[in-house]
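Quick caveat, the model's predicted, so the values are computed rather than measured. Worth knowing before you read on, the calculation uses all heavy atoms, side chains too, and leaves out hydrogens, waters and symmetry mates.
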Amino acid sequence: MKDNILIIHPRDNVAVALKTMGIGDLAIAKGIEGFPVVEEIPASHKIALRNISQGEEIIKYGETVAVGLRDIKKGEWVHTHNLETKRWKK
């Protein structure tokens, strides 16, 4: 099967959806075992690569880009409804 998510850096706990994905679709990328998507993920948006606890850093590009506002399940959409950036708090 063809990759449908992109893991940018090995340290990342989120990946980028390469297309809009629906509930139950299998998220596939090189170097990981595929896992089911648990909610619709719009193309180019972040998807959790593993369970992320409330207050835990969201890592993309190998860098912290935000923190989780609540627990985020593996395969869930990671966006403004469940993360917060320090930049937006200014």
Could you give the distance from [atom1] ([X]) to [atom2] ([Y]), rounded to the nearest 0.5 Å?
X	Y	atom1	atom2	result
Ile41	Leu18	CD1	CG	12.5 Å
Leu26	Glu33	CG	CD	9.0 Å
Lys30	Leu6	NZ	CG	9.5 Å
Ile58	Ile72	CD1	CD1	4.0 Å
Gln54	Leu83	CD	CG	12.5 Å
Lys46	Asp12	NZ	CG	11.0 Å

**Asked** Is Leu69 linked to Val78 within one hydrophobic cluster, defined over Ile, Leu, Val, Met, Phe, Trp and Tyr using a side-chain heavy-atom separation of less than 4.5 Å?
**Response**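 No: no chain of side-chain contacts under 4.5 Å links Leu69 to Val78.
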**Same apolar cluster: Phe35 and Val37, side chain cutoff 4.5 Å** =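 Yes.
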Using a 4.5 Å cut-off on heavy atoms from C-beta on, say whether the side chain of [Y] contacts that of [X].
X	Y	answer
His45	Met21	no
Ile32	Ile5	yes
Glu76	Ile52	no

**Prompt:** Parallel under 30°, tilted from 30 to 60°, perpendicular over 60°: which one fits the rings of His79 and Trp77?
**Reply:**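 Correct class here is parallel.
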**Item:** Heavy-atom donor-acceptor pair, Thr85 side chain to Ala66 backbone, under 3.5 Å
**Value:**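 No, Thr85 side chain to Ala66 backbone: no donor-acceptor pair under 3.5 Å.
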Can you give me the closest heavy-atom contact between [X] and [Y], atom names plus distance?
X	Y	result
Ala15	Leu49	CB-CD2, 3.7 Å
Ala17	Pro42	CB-O, 3.8 Å
Ile47	Ala27	CD1-CB, 4.2 Å
Glu40	Thr20	OE2-CG2, 3.8 Å
Lys74	Asn51	N-OD1, 2.8 Å
Gly62	Arg11	O-NH1, 2.6 Å

**Prompt:** Yes or no on side-chain contact (heavy atoms from CB on, under 4.5 Å) for His9 and Ile59, after CA distance, side-chain angles and deciding distance?
**Reply:** CA-CA 9 Å; His9 189 278; Ile59 310 293; 6.0 Å; no
